[in-house]
Enquirer: 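Mind having a look at this structure? Questions to follow.
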Amino acid sequence: MNEQTIPESKHFIRQMIDEDLRTGRYDGRVVTRFPPEPNGYLHIGHAKAICLDFGMALEYGGVCHLRFDDTNPSKEEVEYVDSIMEDVRWLGFDWGEHLYYASDYFQQMYAYAVALIKKDKAYVCTLTPEEFKDYRGVPTRPGKESPSRHRPVEESLDLFERMKNGEFEDGAYVVRAKIDMASPNLHMRDPAIYRIKKTAHHRTGDTWCIYPMYDFAHCLEDSIEGITHSLCTLEFEVHRPLYDWILDQLEIYHPQQTEFARLNLSYTIMSKRKLLELVEGGHVASWDDPRMPTISGLRRRGYTPAAIRAFCETVGITKVNSLTDVALLEHCLRDDLNKTSERRMAVLNPLKLVIDNYPENEEEEFEAVNNPEDPDAGTRRIPFCRELYIERDDFMEDPPKKFFRLAPGREVRLRYACLFTCTEVVKDPQTGEVTEVHGVYDPDSRGGSAPDGRKVRGTIHWVSARHAADAPVRLYDRLFTVENPAESKDGADYREFLNPDSLTVTTGKIEPALAAAAPGARFQFERLGYYCVDSRDSAPGRPVFNRTVPLRDSWSKNK
RNA sequence: UGCCCGAUGGUGUAAUGGUAGCACAAGCGCCUCUGGAGCGUUCAGUCUAGGUUCGAGUCCUAGUCGGGCAACCA
């Protein structure tokens, strides 16, 4: 595997673990967890968390659990469970035998809730959801105590059991922790910890009709599994006092929750809800549409796990809300692809080139290097004949001074083949559009350079018209036209910023070697960019290409 | 208006009381059978005001600005 060497910074989480190891806080153990809720597909933001959770375990000789936080059956599905496991594996991480489900702990959680009630630290509350909200108060005003707050322990115990037995309808009762209705932290104002939900669960079926709330469940999951460092995103910061309170009341093993800033990427949205809307609204084809920031979308687009890992290490871990430039992601991608992708020639906007002094029925092959960055990648042979296709952009009838490509009277190198001089153009009499470029080649320059040592400034790519195959090529661009679609100043909906040109499809002329390319294979099309064979829409011998990312282009930039 | 968190070039980060560094982006140059890659180089930063200290990006106080929190979601 190609692993890039990113200088690892001693971010605050590494420092914390160093310190815990030094003081023997957890007897030298490092146990982390990645705890997704299976209610959607993983995206690049999750990749940051995955790299951190699994990365810290790997780095410190610990283990990282994959745990599905499946405490809300109305939103969760096995389809998501399967995709999450596939994506984590694809990113290169291994949870070994440590695969867990919060739902496996429902019995224990129930027992812990009973224990809390017995300690008079929780009670069954009768308030309706509306009353509940009203009694909670607002940040600047304390809440009011529920009349149920002083319900005798025995009565709460009885009601809780009957809740479990299905005697009540959804919403009739809720179990609440008994903390402090005047707390400045809303989450400490007697939060709900168990609710009635008569919904079948994707794993436990109809066994339960009560389900624990996140705040109650998560700390218990961590505690049960002996997690040492429970890493989560910043929005859970205000939940930490509750996490600590529950474990303290129950007097059980207590991991440390630590928060870091989630990833935001320019020209991208990261909310699962909005990504779902894009799929359901038909703005993209699916969760794995190559324009999606989902792991499955990036995979289909041609991203490599190594590039994503390098990116996650490069952005770092802090507590600062930030918006990372998508150009950094693309840099990490190109950096990896440059070293690992074999080169091929393809012409996406063809213009016919005729070599007038090359015999009509003759053909030959030239040898081309597969990857100049990797000598082990070897070489291949490319057929050549009198008629070729070149890129329309590589010819100008009336070129500006700094244009180094083909023009009337100009000599260029046909990559790996020979030197060629344009002598004439053929135009469509109607439109005036150039339809053919004619010229002569220098037979002594076979292979690419002239024996007299003369230099040419431009080298262009080509394919043999007689040998080339046609292939659909999908050119992807960013999905949104603005840096931060989720936050427009005038409250506009993010959908208003969808890029109408995020996908254009064309038919390319590809060198013969590409016709047999396997689904998922990645190539650099010389002078154009990185492309991969779509894993869904390609058929044997009939590849469909997705543009992963274009090459950097200093010519088009200074135009 | 309450509580919590944060603030270093355009962007993402490092410096843990002792020379503000790296990467991306942008610009320039060299090199090149990819206007790719590589190499070199330039531009550019500690939110404000006080304080502690021989010395503050770092510690303290106040302010400013930004983010988060009022699902029986996670």
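The sequence lines fix the lettering, A, B, ..., with proteins before strands; numbering per chain opens at 1.
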Enquirer: What form does the base of B/rA71 take, syn (within 90° of 0) or anti?
Expert: syn
Enquirer: Quick one: is A/Arg552 getting a side-chain N or O under 4.0 Å of the B/rA26 phosphate, OP1 or OP2?
Expert: yes
Enquirer: If a pair satisfies salt bridge (Lys or Arg N to Asp or Glu O under 4.0 Å) and one of its residues is in residues 265-275 of chain A, list it, with sequence neighbours excluded.
Expert: A/Arg273-A/Glu277
Enquirer: Run the salt-bridge test on A/Glu364 and A/Arg446 with the 4.0 Å N-O cut-off and return the result as yes or no.
Expert: yes
Enquirer: Just compare B/rG35, B/rU11, B/rA70 and give me whichever is closest to any side-chain atom of A/Asp325.
Expert: B/rU11
Enquirer: Can you sort out the partners of A/Pro191 under side-chain contact (heavy atoms from CB on, under 4.5 Å), two or more places apart, ordered by chain and number?
Expert: A/Ala177, A/Ile179, A/Leu242
Enquirer: Where the side chain of A/Lys402 is concerned, which of B/rG2, B/rU34, B/rG35 is the nearest nucleotide?
Expert: B/rG35
Enquirer: Out of B/rA74, B/rG35, B/rC24, which has the shortest distance to the side chain of A/Leu328?
Expert: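 Looking only at heavy atoms from C-beta outward on A/Leu328, the closest nucleotide is B/rC24.
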Enquirer: Pairs counted only when both distances fall under 3.5 Å, Watson-Crick or G-U: show me the 5' to 3' dot-bracket for RNA chain B, [ ] for pseudoknotted crossings and | for other-strand partners.
Expert: .((((((..((((....[..)))).(((((.......)))))....(((((..]....))))))))))).....
Enquirer: Between A/Phe12 and A/Phe260, is the ring centre distance below 6.0 Å?
Expert: no
Enquirer: Below the 4.0 Å mark, does B/rU13 have OP1 or OP2 next to a side-chain nitrogen or oxygen of A/Ser322?
Expert: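 Indeed, a polar side-chain atom of A/Ser322 lies that close.
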Enquirer: When you measure from the side-chain N and O atoms of A/Thr71 to the phosphate of B/rA74, is any distance below 4.0 Å, counting only OP1 and OP2?
Expert: yes
Enquirer: Tell me whether the count of non-hydrogen atoms from other residues, nucleotides or ligands lying under 6.0 Å of CZ in A/Arg392 goes above 12.
Expert: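 Check passes, neighbour count above 12.
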Enquirer: Just compare B/rG2, B/rU34, B/rG35 and give me whichever is closest to any side-chain atom of A/Phe403.
Expert: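 Of the options given, the side chain of A/Phe403 lies nearest B/rG35.
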Enquirer: Would you say A/Arg195 reaches B/rC73's phosphate, i.e. side-chain N/O to OP1/OP2 under 4.0 Å?
Expert: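 The answer is yes; a side-chain N or O of A/Arg195 sits under 4.0 Å from OP1 or OP2.
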Enquirer: Could you list the protein-to-nucleotides 4-6 of chain B atom pairs, N/O on both sides, closer than 3.5 Å?
Expert:
none

Enquirer: Of the options B/rG35, B/rC3, B/rC69, whose atoms approach the side-chain atoms of A/Pro184 most closely?
Expert: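 Of B/rG35, B/rC3, B/rC69, B/rC3 is nearest to the side chain of A/Pro184.
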Enquirer: Taking 4.0 Å as the cut-off, does a side-chain nitrogen or oxygen of A/His331 come that near to OP1 or OP2 on B/rC24?
Expert: yes
Enquirer: B/rC3, B/rG35, B/rC72: which one has an atom nearest the side-chain heavy atoms of A/Val174?
Expert: B/rC72
Enquirer: Could you check whether A/Glu221 pairs with A/Arg67 (Lys NZ or Arg NE/NH1/NH2 to Asp/Glu carboxylate O, under 4.0 Å)?
Expert: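 Yes, A/Glu221 and A/Arg67 are salt-bridged.
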Enquirer: Does OP1 or OP2 of B/rG35 have a side-chain N or O of A/Arg527 closer than 4.0 Å?
Expert: yes
Enquirer: Under 4.0 Å between any heavy atoms, over every strand shown, what does A/Phe236 touch: base, sugar-phosphate, or nothing? Just pick one.
Expert: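 Base contact.
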Enquirer: Detail all sub-3.5 Å separations between protein N/O atoms and N/O atoms belonging to nucleotides 44-46 of chain B.
Expert:
none

Enquirer: Are A/Lys339 and A/Asp335 ion-paired here, with the side-chain N under 4.0 Å from a carboxylate O?
Expert: yes
Enquirer: With a 3.5 Å cut-off and heavy atoms only, can you find an N or O donor on one side and an acceptor on the other between the side chain of A/Arg405 and the base of B/rG35?
Expert: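 Counting by modelled atom types and ignoring angles, a donor-acceptor contact under 3.5 Å is found here.
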Enquirer: Please pick, from B/rG12, B/rC24, B/rC72, the nucleotide with the shortest atom-to-atom distance to any side-chain atom of A/Ala327.
Expert: B/rC24
Enquirer: Using a cut-off of less than 4.0 Å, is there contact between a side-chain N or O of A/Arg136 and OP1 or OP2 of B/rA71?
Expert: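 So the side chain of A/Arg136 is within the cut-off, an N or O lying under 4.0 Å from OP1 or OP2 of B/rA71.
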Enquirer: I want to check something: taking the side chain as every heavy atom from C-beta on, are A/Tyr135 and A/Phe132 in contact at a cut-off of under 4.5 Å?
Expert: no
Enquirer: Can you tell me which nucleotide in B/rU13, B/rU34, B/rC72 comes closest to the side chain of A/Pro129?
Expert: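 Closest of the options to the side chain of A/Pro129: B/rC72.
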Enquirer: So, OP1 or OP2 of B/rU11: does either fall under 4.0 Å of a side-chain N or O from A/Ser266?
Expert: no
Enquirer: As a test of reading the structure: which of B/rA70, B/rC73, B/rA14 is closest to the side chain of A/Val138, going by heavy atoms?
Expert: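 Shortest atom-to-atom distance from the side chain points to B/rA70.
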Enquirer: Within the structure provided, determine whether A/Tyr110 and A/Tyr194 are in side-chain contact (heavy-atom separation under 4.5 Å).
Expert: yes
Enquirer: Looking at the side chain of A/Lys133, which of B/rA74, B/rA25, B/rA71 is the nearest nucleotide?
Expert: B/rA71
Enquirer: Using a strict heavy-atom distance below 4.0 Å, which residues from residues 368-384 of chain A are in contact with RNA chain B?
Expert: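 Nucleic-acid contacts, sorted: A/Pro372, A/Glu373.
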Enquirer: B/rU13, OP1 or OP2 - any side-chain N/O from A/Thr318 closer than 4.0 Å?
Expert: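 Yes, such a contact exists.
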Enquirer: Do side-chain atoms of A/Arg381 reach the backbone of A/Ala368 as a donor and acceptor pair under 3.5 angstrom?
Expert: no
